[in-house]
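Input: a single structure, listed below in structure tokens.
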Amino acid sequence: MDHVLALRCLLCGTEHRPDEVAYVCPAHGDDGVLDVVYDYDLLRRRTTREAVADGSGMWRFRSLLPVEPTTPVPPILVGDTPLIDAPRLAATAGVARVWVKDEGRQPTASLKDRASAMAVAKAAERGIGTITTASTGNAAAALAGMCAAAAVRAVIFVPASAPPAKIAQLHAFGAAVVLVDGTYDEAVALSMTAARLRGWYNRNTGFNPYMTEGKKTAVYEVCEELAWDVPDVIAVGVGDGCIIGGLHKGLRDLLALGWIDRMPRLLGVQATGSAYLADAWRFDEDVTTKPAIVADTVADSIAAGLPRDRVKAMAAVRDTGGAFVTVSDEEILAAIPAVARGCGVFGEPAAAASWAGVLAAVEQGFVGGADSVVIMSTGSGLKDVAAASRGATAAGITAVHARADGRDLDDALDQLEMR
Ligand SMILES: *Cc1c(COP(=O)(O)O)cnc(C)c1O
Ligand SMILES: [Zn+2]
């Protein structure tokens, strides 16, 4: 890994050698989140935009990732998800362009596969055969899936209240599952303790510095799909802040390499009931001291009382001239059918939240008519069909009924026509 210069602490700036520390800066307990520092001069000589076009999936970008050239990765395609042009959504919002990055098409149906594939690779480098994480559901499903592909053991801590589809995925993939009668934040604490007690590899978001690095490959693909001509705004639902931090990191990499020539504004979208970062941004609060809140939203994937990657998330918005916006659960639920009908991408609540956030940002004047916008649809709508049904019902979307013998078919069709 001669291209990785150091792991730099986001709190004190100390640079550690990657073989010196596994997860965090020892000076601040679990809060000393690290950022991977690359030798961009070396990378510029070593790789090109053309070179990374070769092959398939996120590991095409291996030269820009913190792994050894020979590290085994899960033998399953992660990444290369489509970026879908959505002119009807653009017209609805009154902006120049909208594209939707459909991460629901990942193997376990969320963007989290990128991070979990990275976790499996890093665990292999350290020769550790069991990986643990806490999760609101998707990181867990992703870790379980990537571990199944690589024949590694996964031990998962999730709130018992996670959507059934996500828990079903864990069982199907053969993970060892601990259902926690509590919140995501409480599940994190248990998983951290378990990792220490048993010496397991710890994938926990924010704590593990490499998860951002896996997630950044999503924005490499976005820029590549737009022929390296970046959009003005990238919108994403934010819980822990690891994804938005990863998008920021990927964009910083591409700028440093000279592969893109400007930085998009990052729009972080939070639920009104889980607005730790949006509040910190609005009121200029210090996230290293701001206490946890109680998170409550229908968008389980962005429910986080104490966002684990809060430092990276704040930097992502501040340093790109971006913004945080909040959206209500009603707006999130309404966004599910709106995006699905508007371009054919069916997202879970946290995924559709990005679209609700764009509408809010247009209203607040943060996004304007000349802007081109990418929304990150971070997970599939099949993850939470109950929420999708609620969104459809609230939008007045209903079916008509027809008798099996066809006697009232004509009436039923008339009713359809009247919609
Ligand atoms: C995890 C997740 C998010 C939020 O990512 P953070 O890194 O927690 O901010 C958004 N959408 C989906 C579908 C997710 O699984
Ligand atoms: Zn430090």
Side-chain angles (χ1 to χ4, degrees), residues 6-16 21 23-35 101-104 106 108-116 133-143 158 162-163 165-166 169 184-185 188 204-206 208-209 211-212 214-216 218 235-249 266 268-271 274 276-278 288 295 297 299-314 316-317 324 332 336 346-355 357 375-384 387:
L7 299 175
R8 182 190 290 140
C9 175
L10 294 178
L11 296 183
C12 69
T14 303
E15 298 201 341
H16 303 275
V21 293
Y23 303 109
V24 288
C25 178
H28 329 277
D30 293 347
D31 288 333
V33 176
L34 299 172
D35 182 39
K101 179 70 168 164
D102 185 9
E103 289 287 308
Q106 295 281 12
T108 79
S110 87
L111 188 148
K112 298 292 196 297
D113 284 338
R114 298 178 188 271
S116 290
T133 198
S135 165
T136 58
N138 282 338
L143 183 61
V158 279
K166 298 181 183 182
Q169 282 185 292
Y184 165 58
D185 300 272
V188 172
N204 276 299
T205 298
N208 187 315
M211 299 305 93
T212 331
K215 289 174 180 173
K216 75 182 182 183
V236 65
V238 177
D240 274 324
C242 186
I243 296 180
I244 199 167
L247 300 178
H248 185 213
K249 180 59 176 289
L266 292 176
V269 183
Q270 291 214 284
S274 180
Y276 180 104
L277 291 163
T288 65
T297 168
D300 59 294
S301 298
I302 51 172
L306 185 65
R308 304 285 144 182
D309 253 328
R310 52 198 179 276
V311 175
K312 285 183 183 175
M314 292 301 282
V317 165
F324 277 105
I332 291 171
I336 297 172
F346 180 30
E348 69 165 86
S354 60
W355 175 242
I375 63 171
M376 302 299 296
S377 188
T378 42
S380 165
L382 295 175
K383 292 275 196 172
D384 188 352

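The first residue in the sequence is number 1, and the count goes up from there. Just so you know, these numbers come straight off a predicted model, no measurement behind them. All ligand and atom numbering here is 1-based and tracks the order in the structure.
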Worksheet entry | Main-chain N/O of A140 paired to T133 side chain as donor or acceptor, under 3.5 Å | no

Discussion item. Return the OG1 to CD1 distance between T136 and I302, rounded to the nearest 0.5 Å.
Written reply: 9.5 Å

Just need the protein heavy atom nearest to [atom], so name the residue and atom and give the distance.
atom	answer
atom 2 (C) of ligand 1	K112 NZ, 2.3 Å
atom 8 (O) of ligand 1	D240 N, 2.8 Å
atom 12 (C) of ligand 1	T378 OG1, 3.2 Å

Atom indices of ligand 1, in the order listed, that fall short of 4.0 Å to a heavy atom of [X]:
X	result
E348	13 (C)
G237	4 (C), 10 (C)
G379	13 (C)
C242	6 (P), 7 (O), 9 (O)
G241	6 (P), 7 (O), 8 (O), 9 (O)
I302	3 (C), 4 (C), 10 (C)
G239	4 (C), 6 (P), 8 (O), 9 (O)

Discussion item. Does either side chain, that of E348 or that of S380, offer a donor lying less than 3.5 Å from an acceptor on the other one?
Written reply: no

Discussion item. Do T212 and K312 pair up side chain to side chain, a donor and an acceptor below 3.5 Å, judged on atom types alone?
Written reply: yes

Worksheet entry | Side-chain touch C12/H28, heavy atoms, less than 4.5 angstrom | yes

Worksheet, complete the sentence: Counting heavy atoms under 4.0 Å, the part of E103 that contacts ligand 1 is neither

Worksheet item: Of V33, T288, D31, D240, which meets side-chain contact (heavy atoms from CB on, under 4.5 Å) against R310?
Response: D31

Worksheet item: Which of these passes side-chain contact (heavy atoms from CB on, under 4.5 Å) with M314: L10, I244, L277?
Response: L277

Worksheet item: Do I243 and ligand 1 have an N or O pair less than 3.5 Å apart?
Response: yes

Worksheet item: Do any N/O atoms on N138 end up under 3.5 angstrom from N/O atoms on ligand 1?
Response: yes

Practice prompt. Answer yes or no: is there an ion pair linking D384 with K166, defined by an N-O contact shorter than 4.0 Å?
Written response: no

Discussion item. Salt bridge check, K112 against E103: does any charged N sit closer than 4.0 Å to a carboxylate O?
Written reply: no

Practice prompt. Just to the nearest 10 degrees, tell me the angle at the Zn ion (ligand 2) spanned by C9 SG and H28 NE2.
Written response: 100°

